[in-house]
Every structure is written in C-alpha cells, then in structure tokens.
Amino acid sequence: MVTEVEISPREAGVLELVGAHLSNAEIAARLCISVRTVESHVSSLLRKLEVPDRRALARRAPEPADAGPSRPAPVLPAPLTSFVGRVSERIELTEMLKAHRQVTAAGPGGVGKTRLALAVAAEAAGEYSDGVWFVDLVPVTDPDLIATAVAGAVGLGEQPGRDMTESVVAALADRHALLVLDNCEHVVDGVALFLERLLAMCPRVAVLATSRARLMVPFERVYPVPPLSLAVDGESDAVALFMERAAAVGWPLDPALRDQIASICERLDGMALAIELAAARCSTLGLDGITAALSHPLRMLTGGSRADERHRSVRGALDWSHALLEPADRALLRRVSVFVAPFTAVAAAEVAGGEGGVVAEGLARLAEQSLLVVTASSGGTEYRALETIRQYGVEQLSEAGELVDARSRHVRWCLARAADLAVAREDRRARFDAVADDLRAALAWAAGRPEQRTDAYDLARHLAELTFARNLIGESQGRYEQAAALADDPAAGAAMLRNAAAVAGCRMHGDDMYRLRRAAADAARRSGDPAGAACDLATVAADAYRFSSKFVRKLPREEAIALITQARELGGDDPAAQAAVALAEAGRALTEIGAAPDLNDDAVPMTIARAERAVELAHRTGDPLAESAALDTLTCAQSWAGDTFAAAGTARRRITLLSSTPDTPAGTHELIEALGEATEASLGTGDLPGARRWARQLADHPLLAEVGHRATGWLLVADTLAGDVEEVLTGSVRFLDAWQRADGPARSVLGPPAAAVATIHGLRDDQDAWREWSAVLNQLDPSPGNTCGYGAVFDAMLLLHRGQAPEALERMAPEPGEVWQWVTWIWLHWYVALRAETAVLARSSDAGDRLAEARTVVAGNPVATAIVERAQALLDNDQERLLATADAFDTAGCRYQSARTLVLAGGDHAVRGAAALADLGFAPMALPRHP
C-alpha cells in the first residue's frame, strides 16, 4: 500500500487503473478525462513514487484492505428489481464457468437467462482481475458489428490498421476478464466468428453468453436454464417471485394464499417473464381474476415438447396481458417496439403518433404492467421493452398491418436525429451513442426495401459521417460503401466511394484505398464524368507513391504508368484532372529518385519542377486538399534535394492551408499526414518549439487515441532533442504500451522515437531501461536508417555525454554524401553538426575542415549552428564564445545542450551545468577522454 507520499484522489484513481493494466486511452474513457490528462497524472506518479516505468508503477498500485488483489468493479447493468431464488442454478452455472472458458446459458425467451447471467457474473467478479463487462446484443442488427458492441461496452476504440475485432482481441490479449454476451440468438453466426478469434488469442478471457440456441463454437459448454422451481423442500422460487413483484405494485399477498399462487405459477410453467406479467395484474384483477384470465389461453398448450410449452406459456401470458390493455395502449406498445434502444416519451410520440402528454401517460401504464422497463438517464426518463416483449410487439404490428408504416416513421425519426447530430456541437458523442443502434436498425430494414432506397441512402451517408466523427472508422468505411451501393445516381456513388477511400487511408489500409478509388473511377465514368474518373485514376497512382507504407501490395511501375496514361487521356483539358495527373507524375519521379543508387544531376531539379507545377495546377482548382497533396510531394522533393528550409516552409504552408478545412475523412487524412510532416520539417531546421507544437497536435488527435505509438512518436523525438526528460518518460509509456498491444509491428517510422527514448535512458544512466529500449529499437527498425542515419545521431549524443569522443567519431565516420539517403530531410543538420563536434572533441586532424563544411550546411538552424559554434569555440579555446552558445541553446529551447555547454566550459560554469543536468533528470556528464 502506498503511504509514504501524498497523491491526489485523481492520481489515486489513475494509479488503480494502471495497476489493472488499462491503457491510457482506456483510463481516459473510464474516468472521462483526456488522454493528455492521464499522461500528466502518470508522469506525476512516476516522479512521486520514484519508479522508472509503467510496469513498476503498476506494482505500486494500492490493494484493498483485506490484502487481496485489486479488482475493478464489474461493468454490469444495475437491475431495477431484486433477484429472487435460483440458488442451485447460480451454483451450477458458476462452477461450470470456473471449469470452462465459454459457457452458454440457453433457454426459451422469458425463462430468465439474462437475470441469472447477471447474478452469476456479479458473484464471480472477484475472480477476474481485469474486470467483468456486459454486452447487450439486442440492438446489434449486423453480425459484423459484434466487436463494435463489445468495444463500446469495454471502453475500447478502433486501432487504425486493424479492424474492430483485431483491436478488441489485441486490447484483451493479456487480460483476465469475463465478458457477458447477452441475447446472442439473432446474430449467432457473427458471435461464433468473434468468439473463435477472441478465445484463441486471449487465453485468460472467459465468456458467459445467453442465447435461445447454442452458439456452436469450439469448447462451448451449454447450461440449459430451467424454469423457476415450483416446489423445492417446501419452497418455490416461482411463488417467491410472484409475491415479491405483486408487493412491488402495491398488492402484498397473504402467505396463506401460496397454494393458489403456486397453481398460477404452475400454469405459467415457472417462466419468469410470464410470472412477472401476471403479478403486475394483481392490483387490478386479484388472484381469482388472474386465474380466470389464464385459463383460456392455456387450454391451447397441448402437445409438443416441454420447451415449446414453456415458450407458449410466455406467449399466452403476453396474449392475455396484451388483451387486457386499452386499445390505445395496445397500439402504443406495438408501435414503440420498433425501437431497439431505450427511448424517451418525446421519441415515442414522434414514432407512434399522438400528443406527447397522452403518450407519456400510456408509457407509464405499460411500465406499471411490466411491459416496459423504466430507466433514468441524463436526458430524462427512458423506456425499453425486454427483447421477448419487443419481438411480440413487432408481431402485433405485422398482424395489425402497421409494420411498414411504423418502421417508415422510425426511419424518418432516425433521419431527423442524424441531421441534428450532423450540426451538433455539444455532447455529440453521447447523443450519437444514444441513437446509434436505432440508426443502424432503421438502415438495416430500409436497405432491403426498394421503396425506401432513397431514405436508406441518406441514412447510410449520415451514419458514415457520424461513425467517422465517433472514430468508428471501420464502420464508417463500410457505411460509405453501403451508401455507394444504395445511391441511384452514379455520381453520388462515386462521391461516397471517394470518402470510403479516404477513411481507408485513415485506417492505414492502402489496398482498400486502391480498390475504392478504382471503383469511384468506374462510377464516375457511368455518370458521364470522364474528368472525375481521370482524377480518381491519377489519385490511385499518386496515393500508391505518397502512402506506400500503407499498402500490402505494392503498385507495379507498369501499372502506375498505365493509370497515369489513362487518366491523362480521360481528363483532357479539365483543370482538376490536369492537376491530379501532374501530381501522379511528380510522385512517380520522386519515387524513382529514392530508389536510384546513382542520381542524374538533373533528376532532383526536374522532380522539384514537376512538383511545383502540380502545386500550381492544384491551387488553380481552388481545392485545398488537392493542393495539400501536391505540397506534400513538393516537400519530399525539396528534402531529397537537401533544401531543408524550403521543405520546412512548404510543410508549414500545407498546415496553414489545412487549418480551415472541415473534418471530412479526406481532410482528416491529409491533416494527420501534414502534422507529422510539419514536425519532421521543424526538427530538420532546429525549430524545436515548432516541432513540439505540431507533434503535440498529432499526439492529441482523437483518431490516434488507440495507436499511441503512432501518435506520440515524433513528440518523443522532439522532447528528447529538447532535453525534456519527464515528457519523454511519460510519452514513452503510451508509446510502448500501444506498440505492444499492436503486436510489436516492425516499422521504420517508429525507429526514431525508440532511439530517442533509449538515448534519454542512457543519458540518465538507467542501463536496464536503455538495454530494453535498444532491443525495442532493433526490433522496430534494423534498416540503414537506424544504423547510418538517426541511429548515428542519437548514439553520438549518448557517447559524447559519456565522454567517449573517439567512439562517437567512429560512429559518425561516413561522409554525409555516403549516407545521404538516410540523413537527408530531418537528420542532415544534426548529423553534420554532431560529426564536426565529435572531430573536435576527439582531436581529429580534420576537425577544422569538418567545422567549415558544417557551418555552411547548417546555416539558419539555431540548434545545429550552436553545436558547430560550440565546437569551434572549443577548438579555439574561446571561453566567451563558448558561453554565448549556452544562451543560443536556451533561446532555441534546447535545455540539455545548454547545460552540457556549461559543463564543457569548466570551472564554476561546470558546477552550474552539472546542477542543471541533474535538475533535468540526467546523470553527470563525463569530459572527453582521449587516446
């Protein structure tokens, strides 16, 4: 138990969830705070508790007073009524759940499966160290959305680069948890596929499902849920339930009437729902009236299996309970059955028709008869029907000939809600979550009816936009594709497919980008828009160049050339098509530069000219996204040319251009890429404040909340070069946690942040952490970019800190021209400046030549220039000039290098420098050793 330091209540809550092995994103969702705030609390806890990393922090999480292991509270719905009896059933199901990882509580509707499962889950919660979660599958109409429902219940988001099932499986891979999947029968195929992947990849996750039929998955154990006991040792769970529910409606019963109650329960076959419906009528019918009302429908219960009879006993109870309603209440019950999620009286009035006050009174009467369940929410009183009753209501709609009319009104209500959400600014997430399941259900119905095709298209389009804003990007892509399939106008279909392609880009699915853009080109041709088709085909080629890391299948050179040729022929003199073709041609030329071992002297200037032409043409179209794409290509061309400052200026121009664009999928895709590029450009020019600003925006982007390794990568690099130890230690926790949850992908773009974190641990003289992060780096990126580029820069920084100047000199032995592909862009100035400094500190004979060359290359870069000037001052033994560089480093936001300068100055300055390094969190610096 942590008692030796003071931590705030919020920090204590964060610490408890860290101990429960939740990610920062999950903690943020659980505590309703931002990921950034969680990071700040984690950083504070690391400092206060004096532990090096998140794993050590988790071990310091508090334990309960009984010294047992900490357990998160189960995330289960709170029943509004007490649970009665079923002692033996609870014991049997609990024991089965202990012995098997997947148990299905099976039985007919109304037998009490859900309540039994909730009771067992609540009692078993202490056995699962990482939590118990309840997932209601009633609203799920699409088997492909099973994982989305689970993610919503658990508090997980989708990881770009994975589908939702992969994201859930990755998040739960090391968890010891219980999932309760309720009402599986209508999506049994989807549940089976999900469970097969979940149970195979998450060995400590158990599943308790409820269903009217078994799921037919490997290792499933089925527990048939029996009716309530009618008489066990003189006691009857059925009678106890009847008496308790009767008392709840203000009609307490004399125990002397138990025999009569038992007779009623026996007629109802001990079915929990039927008993509750009957008990709710006590205040109006009394026991005699209930007996008489039940007599007629129950005479039909002859023949068939007992399971069939029990199902029909619930149906009979529903029939007579329904028959006792006033006609207006019967109509209201069947009409609100189209809602799959809780609804308000206002919503019911819109869908069912009628004046609001009258409808509210009718809903209250239905609730009094146990036909609706009442819940309180932040938006007011809400109602819902148990699934068995809801299905009964839908049947009644059909028998009354009102089904199409009621569902059509529900579709219109959903369209209105979707339109409201499209312009909402406050509580948009909560408001969407409240209606999302109804939107999906309405779309599922409308999509299958030709006369509803227009409304279905509008619903699919709205749902695509709303799920994208909600960061459900896998569903968003699917909805855009669905909208394209529903569109009567091929031009509208093409627009939807372009949006789907942009979402695929956000998901890191390059092959889907290719497929969808090709489909958009086909749709554009069918609509009589050859110029639009030309833009699509050219974009296919350009995207393959710009986002090559997102593609599994690399676009062959011949295919790319054919696409560009076809686009040029189709586009003619259309300005947008000409701009798109110019961009694709510039991208092809740029890619060939990067792949060429020996460059023609004219290759880079010609490529820059092509890119500038693409920018000019895109600007003329007035399309900021087209211009942004062209600026991206120009930035890369300028970086290959070694013109770091021009590249940085172009990158900033791109950010400015995108700052006012709407949050569309295409705009978001461009912005995320642009923020990364602007950060890299700022690092390359030594603009550390700018780099940290852009990197922070990238790290805070909601679309990257579940991929912290991608979100925080460049921020870790910027903070390392600035010497901000605390920020690096905090950010590295999110980076490593997310990377491990993503199964440790080997991606070169993640190499620099891993190298940066390893360097910080080395500068702190934490050898264990340094070795751990060095291993991560080698796993992430074994490429020459590591060995010859950024890896050499970070290694030299660490070696110089340790006083190992000759080793640093050897590490940076290659001339910049020999490793130009790996140091151009971000690392050229850093490489050249540090290479000159190592020569001076190692007393190399060519130190003067290196300094002269470096001064020319880094001119204009405040940090690299200060490094070169410091090296020159050391070579010249110019103390005044040396100390001036400390001020230059401070001005540039590079506190580590400023403190290091003071140490190199010696004397009293060295004492101040050592104190500054210690304040920053670094180990003492060693002076250079010479052979």
Quiz item: Got more than 12 heavy atoms from elsewhere within 6.0 Å of NE2, His701?
Solution: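 Enclosed: over 12 neighbouring heavy atoms sit under 6.0 Å from NE2 of His701.
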Practice problem: Take atom CE of Met606 as the centre, draw a 6.0 Å sphere, and report whether it contains more than 12 heavy atoms from other residues, nucleotides or ligands. | Solution: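 No, CE of Met606 has 12 or fewer neighbouring heavy atoms, counting only those of other groups under 6.0 Å.
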Nearest 0.5 Å please: distance from the [atom1] atom of [X] over to the [atom2] atom of [Y].
X: Thr633; Y: Arg546; atom1: OG1; atom2: CZ; result: 5.5 Å
X: Leu537; Y: Gln566; atom1: CG; atom2: CD; result: 5.0 Å
X: Leu683; Y: Arg692; atom1: CG; atom2: CZ; result: 10.5 Å
X: Asp489; Y: Thr454; atom1: CG; atom2: OG1; result: 11.0 Å
X: Leu497; Y: Tyr480; atom1: CG; atom2: OH; result: 11.5 Å
X: Thr539; Y: Met513; atom1: OG1; atom2: CE; result: 9.0 Å

Salt bridge or not for [X] and [Y], using N-O below 4.0 Å?
X: Arg470; Y: Glu465; value: no
X: Arg515; Y: Asp512; value: yes
X: Asp142; Y: Arg440; value: no
X: Arg696; Y: Asp700; value: yes
X: Arg613; Y: Glu616; value: yes
X: Glu158; Y: Arg162; value: no
X: Lys554; Y: Glu559; value: no

Has [X] got a side-chain atom pairing as donor or acceptor with [Y]'s backbone, closer than 3.5 angstrom?
X: Thr656; Y: Arg652; answer: yes
X: Thr712; Y: Leu715; answer: no
X: Thr467; Y: Leu463; answer: yes
X: Asp455; Y: Ala446; answer: no
X: Glu196; Y: Leu193; answer: no
X: Thr621; Y: Ala618; answer: yes

Should [X] and [Y] count as side-chain neighbours, where that means a heavy-atom distance under 4.5 Å?
X: Val581; Y: Leu617; result: no
X: His709; Y: Arg734; result: no
X: Ile564; Y: Arg568; result: yes
X: Arg557; Y: Arg588; result: yes
X: Trp825; Y: Thr635; result: yes
X: Arg653; Y: Val615; result: yes

Exercise. Applying side-chain contact (heavy atoms from CB on, under 4.5 Å), run through Thr787 and Trp822 and close with a yes or a no.
Key: CA-CA 9 Å; Thr787 55; Trp822 315 116; over 6 Å; no
Quiz item: Testing Val757, Val707, Leu716 for side chain to side chain contact (heavy atoms under 4.5 Å, CB included) with Phe735, which one passes?
Solution: Leu716
Quiz item: Would Asp458 and Arg461 satisfy salt bridge (Lys or Arg N to Asp or Glu O under 4.0 Å), going step by step from the backbone distance to the final call?
Solution: CA-CA 5 Å; Asp458 288 337; Arg461 177 175 56 83; 3.5 Å; yes
Self-check item: Pair Asp781-Ser783, side-chain donor/acceptor within less than 3.5 Å
Solution: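 Judged by distance alone, the side chains do pair up.
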Self-check item: Test item: side-chain donor near acceptor, Gln638 and Thr650, under 3.5 Å
Solution: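 There is such a pair (donor and acceptor under 3.5 Å, judged by atom type) between the side chains of Gln638 and Thr650.
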Practice problem: Check the pair Trp827 / Phe794 against ring-ring contact (aromatic ring centres under 6.0 Å, His included), numbers first and verdict last. | Solution: CA-CA 10 Å; Trp827 303 109; Phe794 284 115; 5.6 Å; yes
Quiz item: With under 30° as parallel and over 60° as perpendicular, where do the rings of Phe645 and His829 fit, or are they tilted in between?
Solution: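 The arrangement is tilted - the two ring planes meet at 30° to 60°.
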Quiz item: Arg654 pairs by salt bridge (Lys or Arg N to Asp or Glu O under 4.0 Å) with which of Glu673, Glu627, Glu677?
Solution: Glu677
Shortest non-hydrogen contact from [X] toward [Y]:
X: Leu780; Y: Pro745; value: CD2-O, 3.2 Å
X: Val503; Y: Ile473; value: CG1-O, 3.2 Å
X: Leu698; Y: Leu704; value: O-CD1, 3.6 Å
X: Tyr457; Y: Ala483; value: CD1-O, 3.2 Å
X: Phe468; Y: Ser476; value: CB-OG, 3.3 Å
X: Pro816; Y: Val832; value: CG-CG2, 3.9 Å

Practice problem: In sequence, state the C-alpha distance, the side-chain angles, and the governing distance for Asp687 and Asn861, and then conclude on side-chain contact (heavy atoms from CB on, under 4.5 Å). | Solution: CA-CA 8 Å; Asp687 178 13; Asn861 182 319; over 6 Å; no
Quiz prompt | Arg747: side-chain hydrogen bond (donor to acceptor under 3.5 Å, both in side chains) partners, not counting sequence neighbours | solution =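 Arg747 satisfies side-chain hydrogen bond (donor to acceptor under 3.5 Å, both in side chains) with no other residue.
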Quiz item: Are His509 and Phe551 an aromatic pair by the rule of ring centers under 6.0 Å?
Solution: no
Exercise. Evaluate the criterion side-chain contact (heavy atoms from CB on, under 4.5 Å) for residue pair Thr661 and Leu671; output intermediate values, then yes/no.
Key: CA-CA 9 Å; Thr661 56; Leu671 179 61; over 6 Å; no
Quiz item: Taking it one step at a time, do Asp536 and Arg498 satisfy salt bridge (Lys or Arg N to Asp or Glu O under 4.0 Å)?
Solution: CA-CA 8 Å; Asp536 290 320; Arg498 290 168 192 142; 2.9 Å; yes
